[in-house]
Amino acid sequence: MIKIFDLKEQYKDFGNIIDKKVMNILSSGNYILGENVKQFEEKTKKYLNGKYTLSCNSGTDALVLSLRALGIQSGDEVITSPFSYFATAESISLVGAKPVFADINPHTFNINPKNITKLINKKTKAVLSVNLFGQACELDNINKITREHDIKHIEDCAQSFGATYNNKQTGTYGDMGCYSFFPTKNLGCFGDGGLVVVKNKKNYDILKKLRTHGGIKRNQHDLIGYNSRLDEIQAVILNIKLSFLDSFLKKRKIIADIYSKSIINDKIRLPFTYKKSVHTFNQFTIRVKNRKKLELHLKKHKVPYGIYYSMPIYKYNAYKSNNYKPLPMVEKIAKECLSIPIYPELPISNVMKICKILNNYE
């Protein structure tokens with residue numbers, strides 16, 4: 001039986017190690033912001049080659065905390081992609097700012113830097129880029145634009161932990177990089193978790209306060225903050241899985257390469273990868289003109305699939321009243337995209353079976 005993702009199989013590889021570590025935490029009585037959290041922040045800082053790292057409760061919180069730390073507030077505008085998970089735009093709204101949507105590059109599914117410049121005005125305070133499906137945006141071009149206009153750049157790296165652009169980790173180009181450790185991510189915990197990579201010590205200090213109700217000492221509250229702490233159990237799981245991450249990513253790449261070489265149906269458009277980037281394939285997303293027909297074909301052959309963003313964010317009820325202008329590329333791509341199974345433990349025999357089924361699609 002082919003699955004879209006199988007966390008049980010991954011657990012089999014190192015579950016005994018996790019069980020022992022988790023039991024040690026349970027017996028210790030120390031569950032919040034302990035040594036495992038500190039270790040995880042240090043390990044991710046080293047892995048990503050970042051200046052400062054701060055863990056938090058989720059990828060969404062990472063975005064909200066970053067926007068707050070950079071002073072984004074009511075009346076401000078933040079340019080972002082309309083082709084992403086809802087939390088990308090939601091985080092902007094949660095701090096009182098307005099998301100402004102720039103159309104995407106139809107080949108990479110990422111925000112198109114050429115469309116960013118057109119939208120910048122006096123209210124624009126930041127660009128929130130999204131490294132979608134595990135592939136980096138054109139981060140050098142986005143950085144150039146934000147520097148020229150003296151605005152901030154935040155990277156949404158929820159799907160791109162371990163991805164690189166010009167041999168540099170995603171999340172380290174912008175002023176801040178925000179990660180999610182939802183269980184199905186490249187690096188996932190057994191619940192929710194997030195991380196922010198920060199370039200600036202001042203911003204890091206603000207983030208530390210925001211994470212714990214606006215202060216870093218008991219009964220000291222300098223800001224209106226949040227309760228957004230990574231717990232010890234999730235931290236120890238992430239510490240263990242981080243040591244396996246390169247192996248996970250290698251297996252994803254092997255599966256992606258097989259798909260890319262073996263799917264030879266001219267009705268199916270395969271993912272595009274920049275030569276200067278390393279794609280981590282959190283999803284393997286194809287394009288097809290008649291998606292409904294392909295869905296029926298896959299269902300018939302019992303192949304699971306995902307349609308992650310069936311419409312641009314501005315079409316959701318939460319944003320309909322804002323009367324956003326439709327963007328042609330994202331409107332087109334949202335109707336054509338479909339993601340097929342990819343995860344480290346996916347048997348190669350199933351990969352080949354999926355390729356055969358897709359090649360037989362007419």
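On a predicted model such as this, the values are computed, not experimentally measured, just so you know.
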- Take the angle between the ring planes of Y309 and F83 and call it parallel below 30°, perpendicular above 60°, tilted in between. perpendicular
- Is the closest side-chain heavy-atom distance between H213 and N227 below 4.5 Å? yes
- For K98 and G75, indicate whether the former's side chain and the latter's backbone hold a donor-acceptor pair under 3.5 Å. no
- Message: Within the 3.5 Å criterion, strictly below it, is a donor on N186 or Q159 matched to an acceptor on the partner's side chain?
- Response: no
- Message: Donor-acceptor check, side chain of E155 to backbone of G171, threshold 3.5 angstrom: yes or no?
- Response: yes
- Message: Determine whether a donor-acceptor pair (N or O, by modelled atom type, separation under 3.5 Å) exists between the side chain of R287 and the backbone of P106.
- Response: yes
- Presence of salt bridge, D205 and K208, under 4.0 angstrom: no
- Does the side chain of S93 pick up a donor-acceptor pair with the side chain of Y319 at under 3.5 Å? yes
- Message: I'd like to know whether NZ of K199 has more than 12 heavy-atom contacts from other residues, nucleotides or ligands below 6.0 angstrom.
- Response: yes
- Query: Looking only at heavy atoms, what is the nearest atom pair of E232 and N30, with distance?
  - Reply: CG-O, 3.5 Å
- Message: side chain to side chain contact (heavy atoms under 4.5 Å, CB included), that's the test. Do L223 and L210 meet it? Break it down for me.
- Response: CA-CA 7 Å; L223 305 166; L210 288 171; 4.0 Å; yes
- For this output row, return yes or no: ring centroids of F109 and F133 closer than 6.0 angstrom. yes
- Carboxylate-amine/guanidinium contact K45 E41, below 4.0 Å: no
- Query: Looking at I116, N105, V130, which hits side-chain contact (heavy atoms from CB on, under 4.5 Å) with I111?
  - Reply: I116
- Query: Rounded to the nearest 0.5 Å, how far does CD1 of I151 lie from CG of D76?
  - Reply: 11.0 Å
- Does the N115 side chain pair with the main chain of D103, one donor and one acceptor, at a distance under 3.5 Å? yes
- Item | Joint hydrophobic cluster, I354 plus F284, side-chain heavy atoms closer than 4.5 Å | yes
- Say whether, by atom type as modelled, one donor and one acceptor occur between the side chain of N110 and the main chain of Q135 under 3.5 angstrom. yes
- Item | Non-hydrogen atoms of L358 and N265 that approach each other most closely | O-ND2, 2.9 Å
- Side-chain contact, heavy-atom cut-off 4.5 Å: L33 with T212? yes
- Mind listing the closest non-hydrogen atom pair of I264 and N359 along with its distance? N-OD1, 2.7 Å
- Message: Are D13 and E345 packed together at the side-chain level, in the sense that at least one heavy-atom pair is separated by less than 4.5 angstrom?
- Response: yes
- Message: For Q220 and K209, which I'm curious about, is there any donor-acceptor pair between the side chains at under 3.5 Å?
- Response: no
- Heavy-atom pair of closest approach, residues V197 and T172: CG1-CG2, 4.3 Å
- Task: Please report the shortest heavy-atom distance between C189 and I237, naming the atom on each side.
- Result: CA-CG2, 4.2 Å
- Message: Whether the side chain of H153 engages the backbone of L128 through a donor-acceptor N/O pair (distance < 3.5 Å, no angle test) should be reported.
- Response: no
- Task: Heavy atoms only: give me the nearest E9-K12 pair and the separation to one decimal.
- Result: OE2-NZ, 2.8 Å
- Message: Does S228 form a side chain to side chain donor-acceptor pair (under 3.5 Å) with D61? I'd like the steps, not just the answer.
- Response: CA-CA 7 Å; S228 185; D61 277 12; 2.7 Å; yes
- Indicate if L230 and L48 have the same hydrophobic cluster label, given that clusters are the connected sets of ILVMFWY residues with side-chain heavy-atom separations under 4.5 angstrom. yes
- Note on the structure: CG of L70 to CD1 of I154, rounded to nearest 0.5 Å, is 5.0 Å
- Query: Atom CE in M329, atom CD in E331: separation rounded to 0.5 Å?
  - Reply: 10.5 Å
- Evaluation steps, side chain to side chain contact (heavy atoms under 4.5 Å, CB included), between I233 and F190: CA-CA 9 Å; I233 290 175; F190 287 4; over 6 Å; no
- Task: Classify the side-chain pair D246/Y47 by whether it contains a donor and acceptor separated by less than 3.5 Å.
- Result: yes
- Residue pairs, two or more places apart or on separate chains, that pass ring pair (Phe, Tyr, Trp, His ring centres under 6.0 Å) and touch residues 226-251: F14-F244
- No-hydrogen, no-angle side-chain donor-acceptor test under 3.5 Å, N360 and E362: no
- Query: Once you round to the nearest 0.5 Å, how far does CG of L54 lie from CE of M176?
  - Reply: 9.5 Å
- Query: Hey, is the main chain of G134 close enough, under 3.5 Å, to the side chain of N131 for a donor-acceptor pair?
  - Reply: no
- F182: partners by ring-ring contact (aromatic ring centres under 6.0 Å, His included), with sequence neighbours left out: none
- Are K185 and F161 in a cation-pi contact, defined as NZ or CZ under 6.0 Å from the six-membered ring centre and within 45° of the axis? no
- Message: Is there a side-chain contact between V127 and K152 in this structure, where contact means two heavy atoms from C-beta onward sitting under 4.5 Å apart?
- Response: no
- Task: Inspect the surroundings of NZ in K168 and state if more than 12 heavy atoms from other residues, nucleotides or ligands are less than 6.0 Å away.
- Result: yes
- Same apolar cluster (I L V M F W Y, side chains within < 4.5 Å links), L346/I286: yes
- Item | Check against side chain to side chain donor-acceptor pair (under 3.5 Å), S339 and T285 | CA-CA 4 Å; S339 300; T285 303; 2.7 Å; yes
- Flag the pair Q234 / D231 as yes when at least one side-chain heavy-atom distance between them is below 4.5 Å, and no otherwise. yes
- Message: Is it the case that the side chain of T124 and the backbone of N121 share a donor-acceptor pair, with hydrogens and angles ignored and the cut-off at 3.5 Å?
- Response: yes
- Query: If Ile, Leu, Val, Met, Phe, Trp and Tyr residues are connected whenever their side-chain heavy atoms lie under 4.5 Å apart, and connections chain through other members, are I258 and Y305 in the same group?
  - Reply: yes
- Item | Value rounded to 0.5 Å, distance of CD in E138 from CG in N112 | 6.5 Å
- Hey, does R229 have a side-chain heavy atom less than 4.5 Å from the side chain of C56? no
- So do I340 and I263 actually touch side chain to side chain, heavy atoms under 4.5 Å? yes
- Task: May I ask whether I240 and Y11 are part of the same hydrophobic cluster, defined by side-chain heavy atoms of I, L, V, M, F, W, Y residues being less than 4.5 angstrom apart, directly or through others?
- Result: yes
- Item | Evaluation steps, ring-ring contact (aromatic ring centres under 6.0 Å, His included), between Y316 and F86 | CA-CA 9 Å; Y316 286 103; F86 185 75; 5.7 Å; yes
- Message: Tell me whether the rings of H107 and F272 are parallel (<30°), tilted (30 to 60°) or perpendicular (>60°).
- Response: tilted
- Task: Look at the side chain of Y173 and the backbone N and O of Y165, then say whether any donor-acceptor pair between them is shorter than 3.5 Å.
- Result: yes
- N16 atom CG, over 12 foreign heavy atoms within 6.0 Å: yes
- Calculate, to the nearest 0.5 Å, the distance between atoms CD and NE2 belonging to Q283 and H279 respectively. 9.0 Å
- Message: Contact between K3 and Y343 at the side-chain level, heavy atoms closer than 4.5 Å - yes or no?
- Response: yes
- Does R68 reach the main-chain N or O of I224 with its side chain, forming a donor-acceptor pair under 3.5 Å? yes
- Task: Would you sort out whether T53 and V198 count as a side chain to side chain contact (heavy atoms under 4.5 Å, CB included), showing the intermediate values?
- Result: CA-CA 6 Å; T53 51; V198 196; over 6 Å; no
